[in-house]
Amino acid sequence: MNGAALLLVEDSPEDAKLIASALSRVVAADQVVHCPTGEDALDYLFARGRHTARAKEAMPRLVLLDLNLPRISGLEVLRQIRATEATRLLPVSVLSASVEQRDVRAAVQRGANSYMRKSLDFVKLSESMALLARYWLELNIPPPSPNHLD
C-alpha cells in the first residue's frame, strides 16, 4: 500500500497514544500517521511543509479528526478537506469528547462521514476504534481517486 492507511489528527499525546494502541488490532503502526495540529494535518494532506516529500496522490483511506485542535480547529480542517477536489471524497470520521448536538451538527454539515465520541474507558475505546477501522479500511469501498472520476 502506498502511503498511510489512516491519518490521526489529535493534539493530546495521551489520547493519540490510546487511540493508536486501540487501532493496533486492525491497523499496523506504520500505517498510521499522527498529526498533532490542524495545520500539520493539512500540510500532510496537501504535501507541504514538513510533508513535502510525501507522494501527493497517496492519500490515507481514513482521517480520524479531533474537533478541539489548537489554532486551526477540526471543523476548519474538515472545511478545507471538503473544499479541495483532491480530498473532497476522503472519508473523515470525527472523534470528540463532546456529544453536544451543535458539535455533531456542525461536523456533519461540513461533511464528516461519521461522528464518534471518545470513550474514557480504554476497553470501550479499543472496541470502537477496531470497529471503526474495520469498517472504513476493510468493508467500505473507497471512492475513486479524483483522476478516475467520470
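Computed from a predicted structure; not experimentally measured.
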(message) Assigning hydrophobic clusters by single linkage (Ile, Leu, Val, Met, Phe, Trp, Tyr; side-chain heavy-atom cutoff under 4.5 Å), is Leu75 placed with Phe46?
(response) no
(request) First locate atom OG of Ser96, then atom CZ of Arg117, and finally report the distance between them rounded to the nearest 0.5 Å. (result) 9.0 Å
(message) If I compare all heavy atoms of Asp40 with all of Pro36, which pair ends up nearest, and what's the gap?
(response) OD2-CD, 3.3 Å
(request) Report yes if some heavy atom in the side chain of Val99 is under 4.5 Å from a heavy atom in the side chain of Val104; otherwise report no. (result) no
(message) Any non-hydrogen side-chain atom of Tyr115 less than 4.5 Å from a side-chain atom of Asp103?
(response) yes
(message) Strictly below 4.0 Å, N to O, side chains only: are Glu76 and Arg79 in salt-bridge contact?
(response) yes
(message) Can you confirm whether Asp66 sits close enough to Asp15 that some side-chain heavy atom of one is under 4.5 Å from a side-chain heavy atom of the other?
(response) no
(request) Run the numbers on Val77 and Leu42 for side chain to side chain contact (heavy atoms under 4.5 Å, CB included), then give the verdict. (result) CA-CA 7 Å; Val77 171; Leu42 292 170; 4.1 Å; yes
(request) Work out which heavy atom in Met59 is nearest to a heavy atom in Leu90; give both atom names and the distance. (result) CB-CD1, 4.4 Å
(request) Apply side chain to side chain contact (heavy atoms under 4.5 Å, CB included) to the pair Asp11 and Thr37, showing each step before the final yes or no. (result) CA-CA 6 Å; Asp11 64 317; Thr37 67; 5.9 Å; no
(request) Output yes when Lys124 and Glu127 qualify as a salt bridge under the 4.0 Å nitrogen-oxygen rule, no when they do not. (result) no
(message) So if I apply the side-chain contact (heavy atoms from CB on, under 4.5 Å) rule between Pro60 and each of Leu8, Leu45, Thr87, Leu6, which one comes out positive?
(response) Leu45
(request) Would you indicate whether the side-chain heavy atoms of Gln80 and Arg110 approach each other to under 4.5 Å? (result) no
(message) Could you see if Val9 belongs to whatever hydrophobic cluster contains Leu62? Use Ile, Leu, Val, Met, Phe, Trp, Tyr and a side-chain cutoff under 4.5 Å.
(response) no
(message) Taking Leu137 as the starting point, is it possible to reach Leu139 by hopping between hydrophobic residues whose side chains are less than 4.5 Å apart?
(response) yes
(message) Taking the side chain as everything from C-beta on, heavy atoms only, tell me whether Ser21 gets closer than 4.5 Å to Phe122.
(response) yes
(request) Under the side chain to side chain donor-acceptor pair (under 3.5 Å) rule, collect the residues that match up with Ser24, sequence neighbours excluded. (result) none
(message) Whether the side chain of Arg54 engages the backbone of Arg48 through a donor-acceptor N/O pair (distance < 3.5 Å, no angle test) should be reported.
(response) no
(request) Say whether Val63 and Val33 are linked into one hydrophobic cluster, either directly or through other cluster members, by side-chain heavy-atom distances under 4.5 angstrom. (result) yes
(request) With side chain to side chain contact (heavy atoms under 4.5 Å, CB included) as the test, would you mind laying out the steps for Met129 and Leu95 before giving the verdict? (result) CA-CA 10 Å; Met129 289 290 100; Leu95 297 177; 3.5 Å; yes
(request) Take Trp136 and Ser114, measure what side chain to side chain contact (heavy atoms under 4.5 Å, CB included) needs, and give me the verdict at the end. (result) CA-CA 11 Å; Trp136 286 108; Ser114 65; 4.1 Å; yes
(message) Using the side-chain contact (heavy atoms from CB on, under 4.5 Å) definition, which of the options Val92, Val32, Leu23, Val94 pairs with Leu64?
(response) Leu23
(request) Could I get the full list of side chain to side chain donor-acceptor pair (under 3.5 Å) partners for Ser119, not counting sequence neighbours? (result) none
(request) In sequence, state the C-alpha distance, the side-chain angles, and the governing distance for Glu100 and Ser98, and then conclude on side chain to side chain donor-acceptor pair (under 3.5 Å). (result) CA-CA 5 Å; Glu100 294 290 327; Ser98 172; 5.4 Å; no
(request) Specify the closest pair of heavy atoms between Ala16 and Glu10, including all atoms of both residues, with the distance to one decimal. (result) N-CG, 3.7 Å
(request) Walk me through it: do Lys17 and Glu14 pass the test salt bridge (charged side-chain N to carboxylate O under 4.0 Å, His left out)? (result) CA-CA 5 Å; Lys17 191 173 187 178; Glu14 296 82 20; over 6 Å; no
(message) Just so I know, are the side chains of Arg134 and Arg25 near enough to count as touching, which here means a heavy-atom distance under 4.5 Å?
(response) yes
(request) Identify the heavy atoms of Ser128 and Met116 that sit nearest to each other, and give their distance. (result) CB-CE, 3.6 Å
(request) Please list all pairs passing the ring pair (Phe, Tyr, Trp, His ring centres under 6.0 Å) test where one or both residues lie in residues 51-86, with sequence neighbours left out. (result) Tyr44-His51
(request) Return the minimal non-hydrogen interatomic distance between Gly74 and Leu65, and the atom names on each side. (result) O-CD2, 3.3 Å
(message) Same cluster or not: Leu67 versus Val108, using hydrophobic residues (I, L, V, M, F, W, Y) connected whenever any side-chain heavy atoms lie under 4.5 Å apart?
(response) yes
(message) For Ala133 versus Val26, what's the shortest heavy-atom pair and its separation?
(response) CB-CG1, 3.8 Å
